[in-house]
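In what follows, a structure is listed as C-alpha cells, so that the remarks can point back to it.
As the structure lists them, so they are numbered: ligands from 1, and atoms in each ligand from 1.
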Amino acid sequence: MSVLSDETPAQTSIQSATPGDAAGKFSGPSNGSPALHQSTPLDPAAATQAWLESVPQDKREKSDAYFEGGYWLILWDYVVAASISILMLSSRISARLRDFSERLTRYKTMRVACYSIAYLLLVYVLSFPLNVYENFVREHQYGLATQGFPAWFREQLIGLGITLIGGTIFLVVLYAVFRRAPKTWWIWGTGVAVVFSFVLLFIAPVFIEPLFNTYKPLTKPEISEPILVMARANQIPVKQVFEVDASRQTTRVSANVSGILGTTRIALNDNLLKQCTVPEIRAVMAHEMGHYVLNHGAKLLTYLGIFILIGFALTRILFDAAVRCRGDKWGVRGIADPAGLPLLALIFSTLLFLATPLLNTAVRVTEREADAFGINTAREPDGMAEVALKLGAYRKLNPTPLEEFIFYDHPSGRARIRMAMDWKAANLSAGESPKSDSQNPKQTGE
Ligand SMILES: [Zn+2]
C-alpha cells in the first residue's frame with residue numbers, strides 16, 4: 001500500500017519565482033527597473049546552509065534522534081520477524097499447525113487458507129509489543145501521534161482484518177503455484193506478486209484508505225485553483241484536489257498520490273493545509289503531480305517486479321538447501337507444504353533486510369525525479385525549501401552521504417533545499433531567451 005503513498009516532498013515558491021521570472025523576461029534595457037533582481041547572484045551552497053541554520057538546535061536534535069532511532073528499528077523489525085520464523089520452525093509449531101489444517105479438511109486450498117490465517121494471526125500477536133512501541137509509544141514520545149490507544153488499536157484491528165483477507169488470498173494463490181510448478185514457481189510467483197501489488201494499488205484509494213480516513217474535495221478555491229492550474233498546464237485530467245483528515249492520526253505534514261490507472265488520486269493532508277502557505281502547498285502538490293506525469297506507479301511496480309524476481313530466485317535456492325539440511329527436524333516437506341511458510345518468510349525477509357539500501361535508493365531516485373518536476377512546475381524554490389524544513393520534523397535534515405544512501409527513501413532536507421537553491425540561482429526565464437527574438441518572427445508557426 002505504501003509504494004506510492006509518500007510523505008511529501010517539497011517544493012514551493014511561487015511568490016518569489018513569479019516576480020523573478022517576470023523580471024528576467026520583461027526587463028529589457030527599456031524597462032527602467034534594474035535593481036529589482038540584479039543584486040548579487042545567489043550562491044546555492046551558502047543559501048542552503050542558511051536555510052539549514054535557520055532551524056533551532058533543539059528541534060534539530062529531536063528530529064535527528066527520531067530519524068536515527070528509525071535506523072535501529074529496521075534492525076529490530078528484522079530481528080523480531082526472523083526470531084518468530086525460527087521459533088515456529090524449531091518448535092515445530094508450524095508443522096503442528098499444518099497437521100491441524102490437514103485434519104480439518106481434505107481440500108488443499110482450504111488447508112492453505114486455514115494455515116495462513118493461523119500463521120498471520122500468530123505473527124501479529126508475537127510482534128505486537130514491538131508494534132506498540134514503534135507505532136504508538138514512540139510516535140507519542142516525539143509528538144507525532146494524535147490518537148489515544150483505543151482509537152489506534154481499533155485501526156490496528158482493521159489493518160489486521162485486511163491483512164488476514166488479502167494475505168490469505170495471496171498465499172492460497174501462491175501455494176497453488178508451488179504445487180503446480182515446484183521448480184519454476186519463482187517465475188510464476190513473481191507474476192502473482194506483481195498482479196497482487198497492482199490490484200492493491202488499484203483498490204487502495206477506493207476500498208482501503210476510506211477505512212482509515214475521510215477524503216473530500218478541497219473546496220477553498222484560493223487553494224484548489226492554484227493547484228488545478230498546474231494540473232491543467234501538465235495535462236493531468238483532474239477536476240478536483242482531495243483533502244484527507246490525516247490529523248486524526250498524526251501531526252505530520254504530507255501529501256500523496258495513490259491508486260493507479262482510473263483510481264489515481266492526488267490528496268493533501270489537513271496538517272499541510274493548516275501549516276503551509278499557498279506557495280508551499282503548490283510546491284508539494286507539483287511534486288505529487290510529478291509522480292503522476294512521470295508514471296511512477298508503473299515504474300515502481302516494474303522495479304518491484306525485478307526485485308521480487310531476484311528475491312524469489314535466491315529464495316528458491318536457499319529454501320531447497322534449508323529443507324535438505326533441516327526439513328526433517330522442522331517437519332517441512334517441501335515448497336508446496338504450508339509448514340514451510342516461516343522458512344520462506346525468514347529467507348525473504350533476510351533478503352529484504354540486506355537489500356534495504358537498494359530499495360531505498362530506487363524509491364529515492366524516483367522521488368528526486370518528482371522533486372525536479374515539481375520545482376519546474378511550481379517554480380517555488382523558497383517554498384520548496386520551507387517545506388523541506390517542515391518535513392525535517394520527522395526526517396533528519398543533514399545526513400552523511402552514506403546515511404542518505406542506506407536509509408533515505410526520499411531526498412534529505414539538505415538535498416532538497418540545495419536543489420531548490422540551484423534552481424533559483426539558475427534564474428530561468430519563462431519564455432525564449434532574448435537572443436532568439438530576432439529569428440523568431442521570420443518563422444511561420446505551425
Ligand atoms: Zn513523492
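- Between the Zn ion (ligand 1) and H410 there is no N/O/S contact shorter than 2.8 Å.
- Within E367, the N, O or S atom lying nearest to the Zn ion (ligand 1) carries the name OE1.
- With salt bridges taken as basic N to acidic carboxylate O contacts below 4.0 Å, one links E404 and R414.
- Using a 3.5 Å distance cut-off with no hydrogens or angles, the side chains of D409 and N360 do not pair a donor with an acceptor.
- Aromatic rings of F312 and F348 (six-membered ring for Trp) have centroids within the 6.0 Å cut-off, being under it.
- At least one N/O/S atom of H287, whether from backbone or side chain, sits less than 2.8 Å from the Zn ion (ligand 1).
- In this model, a donor atom of one side chain and an acceptor atom of the other lie less than 3.5 Å apart for Y115 and S94.
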